[in-house]
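To start, the structure under review is shown below, and the notes come after it.
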Amino acid sequence: MADFLITGGTTYVPEDGLVGSSLFNVGDGLTYNDFIILPGFIDFAAEEVDLTSALTKKITLKAPLVASPMDTVTESEMAISVALCGGIGIIHHNCSPDYQATEVSKVKKYRHGFIRDPVVLTTQHTVGDVLEIKRKKGFCGIPITENGRMGGKLVGIVTSRDIDFLEKSTDIPLEHVMTKADDLVTAPSGVTLQEANAILEKSKKGKLPIVNECGELVSLIARTDLKKSREYPFASMDPGRQLLVGAAIGTREADKQRLQLLVQAGVDVVVLDSSQGNSIFQIDMIQYIKQHYPDLQVVGGNVVTAAQAKNLIDAGVDGLRVGMGSGSICITQEVMAVGRSQGTAVYKVAEYARRFGVPVIADGGIQSVGHIIKALSLGASTVMMGSMLAGTTESPGEYFFSDGVRLKKYRGMGSLEAMEKKDAKGAASSRYFHRESDKIKVAQGVSGAIQDRGSALRFLPYLQTGIRHGCQDIGARSLSHLRAMMYSGELKFERRTPSAQMEGGVHGLYSYEKRLF
């Protein structure tokens, strides 16, 4: 059959694909779906890919994953889970300064396996209260203290065995059904996780209260958590072996007091939260932070052009957050007619910022593992995720059902619902240059719902594995190597037509089930 081919020389390999500069310097705004990365040569296993990434000039993560500072995405529980998996969570500031500082403190004080803020009741609560907690949260092993709070004197515990067959006796006070403190197996504060595990194993109990010398409850360990727990060798930690955590602040005068509380709580990095970061307000705040807290890392943004980035880099930022109007709940581009396609924004800003050693966070438009890989291939060091994490167990809020589907609320910080939150001190409003007292606010976001994704502790390892396999297909042994390939011209891209995008997805089936992990 070879006789019918028109053959030529065997040493010639034609040029294929486009380098990054050719793809992004033609004046079009490109999203992640508008291009594809051409495969490279594989001579290593996916497990060998190094995901180490720079968040700021001085903070390095084991995974390039950042949880967005949104009030339906990141509080302490999410920040703990992301840090355990090698990334970092940024605590939102659509709340009071004290509340935000407390959430930061919870992350810094976290010890793996110890529950620091369990549900606690008093002896005067009833069986009905326990049944309601079981219905909402799925468990009913609840410690009982004198004041119904952590730090109160432990007087007993209620478990499922104590309330079995009492569904019709919901008015019974817990003091009549609980297991009294004298009959409990407890452990002293300072006990290690291994020691606590041994005590639980020997006692065959489901819960182990941790008490101080005064008999006050300081934490709790659950057998179910120990059974599910595993070591997290790549957890993001500071030199003191505490989990890393960030927090968002605004640029108002009141945010200086908020910043002071966050620093006292041990925050590792602050993110200046603004939809348009190229402002005198942000520059003044960067300079204030660098003058009063010189060791604190500062991420500026959001920016989408090199000119915007220059002003913040000149002011002294340690990292840049890139994106304007590309999030799934953001309508800035539609309402304000300002912004930029996310692929182009990441490439342009990262290409400039790298000259000053300033890492870039790609913020917005991330809908899949493929989008994460594309953002990293364009020069971003990390990616910030909102909707990707909003439906997980660790995100704030309760699950609800609609048409048989388990959902959680997810809203943009530019939505009227977020800007009008009563206890937020106008934090979300200030992000979009509104004052709390403004009679008319222009929404730049919407409120919606996200389908249940399960636990972030299962979802994040899936993302990391996907990134490793993507890098393997490209031929990059590390994320640093991936960026080096792009800037050297070794990494090649190709534009995708609408037909090519359709072909690259699921097509031609009558029905299908899409399970990612």
Side-chain angles (χ1 to χ4, degrees), residues 31-33 65-82 85 87 89 92 94 119 131-140 167 224-225 228 325-331 334 342 363-372 383-421 428 443-466 501-502 504-517:
T31 70
Y32 296 133
N33 287 334
L65 306 174
V66 183
S68 181
M70 304 172 73
D71 62 4
T72 51
V73 178
T74 310
E75 290 187 350
S76 57
E77 194 171 352
M78 177 65 75
I80 288 168
S81 297
V82 177
C85 292
H92 73 87
N94 203 30
V119 175
L131 293 174
E132 180 65 13
I133 290 170
K134 183 177 182 181
R135 185 185 69 81
K136 283 186 175 181
K137 299 183 178 293
F139 61 85
C140 58
E167 287 83 357
T224 52
D225 286 344
K228 290 184 293 185
S326 56
S328 62
I329 39 65
C330 189
I331 56 174
E334 174 189 336
Q342 186 67 353
D363 174 26
I366 301 293
Q367 300 171 22
S368 66
V369 177
H371 286 173
I372 295 175
V383 295
M384 183 171 278
M385 298 173 292
S387 62
M388 288 278 281
L389 297 175
T392 59
T393 309
E394 291 80 3
S395 63
E398 301 287 341
Y399 284 109
F400 63 95
F401 285 87
S402 178
D403 296 327
V405 180
R406 197 167 189 241
L407 306 169
K408 255 191 182 181
K409 179 176 285 189
Y410 177 52
R411 67 187 182 195
M413 298 308 290
S415 65
L416 290 179
E417 186 178 340
M419 288 195 286
E420 292 173 353
K421 187 178 176 185
Q444 295 187 45
V446 300
S447 298
I450 291 284
Q451 191 168 347
D452 176 18
R453 292 186 186 273
S455 173
L457 291 172
R458 288 190 63 228
F459 184 60
L460 291 167
Y462 152 73
L463 295 180
Q464 291 169 273
T465 301
Q501 294 180 38
M502 187 179 299
V506 180
H507 60 278
L509 299 179
Y510 171 71
S511 64
Y512 68 93
E513 179 185 13
K514 190 173 184 178
R515 292 183 62 190
L516 298 178
F517 64 99

Atom OG1 in Thr392, atom CZ in Arg453: separation rounded to 0.5 Å? 8.5 Å
Shortest non-hydrogen separation from Gly365 to His371 and the atoms involved: O-ND1, 3.2 Å
Any side-chain heavy-atom pair from Met385 and Leu460 closer than 4.5 angstrom? yes
Taken to the nearest 0.5 Å, the spacing of Leu65 CG from Leu389 CG works out to 8.0 Å
Is Leu407 close to Ser402 at the side-chain level, that is, under 4.5 Å between some pair of heavy atoms? yes
Minimal non-hydrogen separation, Ser368 against Met388, with atom names: N-SD, 3.9 Å
Are the side chains of Ile366 and Met384 in touch, meaning some heavy atoms are under 4.5 Å apart? no
When rounded to the nearest 0.5 angstrom, what is the spacing between CG in Asn94 and CD in Glu75? 10.0 Å
Closest approach of Thr72 and Ser395, non-hydrogen atoms and distance? O-CB, 3.6 Å
Ser387 versus Gln367, side-chain donor and acceptor atoms under 3.5 Å: no
Return the minimal non-hydrogen interatomic distance between Gly466 and Val369, and the atom names on each side. C-CG1, 3.5 Å
Quick one: are Val82 and Val66 in side-chain contact, heavy atoms under 4.5 Å? no
Separation between CG (Leu457) and OG (Ser81), nearest 0.5 Å, reads 4.0 Å
Flag the pair Ile372 / Leu463 as yes when at least one side-chain heavy-atom distance between them is below 4.5 Å, and no otherwise. yes
Minimal non-hydrogen separation, Glu394 against Gly454, with atom names: OE1-O, 4.4 Å
Rounded to the nearest 0.5 angstrom, the CG-NE2 distance for Asp71 and His92 is 5.0 Å
What are the two closest non-hydrogen atoms of Cys85 and Pro461, and how far apart are they? SG-CD, 4.1 Å
Can Gln342 and Thr31 be said to form a side-chain contact (heavy atoms from CB on, under 4.5 Å), step by step? CA-CA 5 Å; Gln342 186 67 353; Thr31 70; 5.9 Å; no
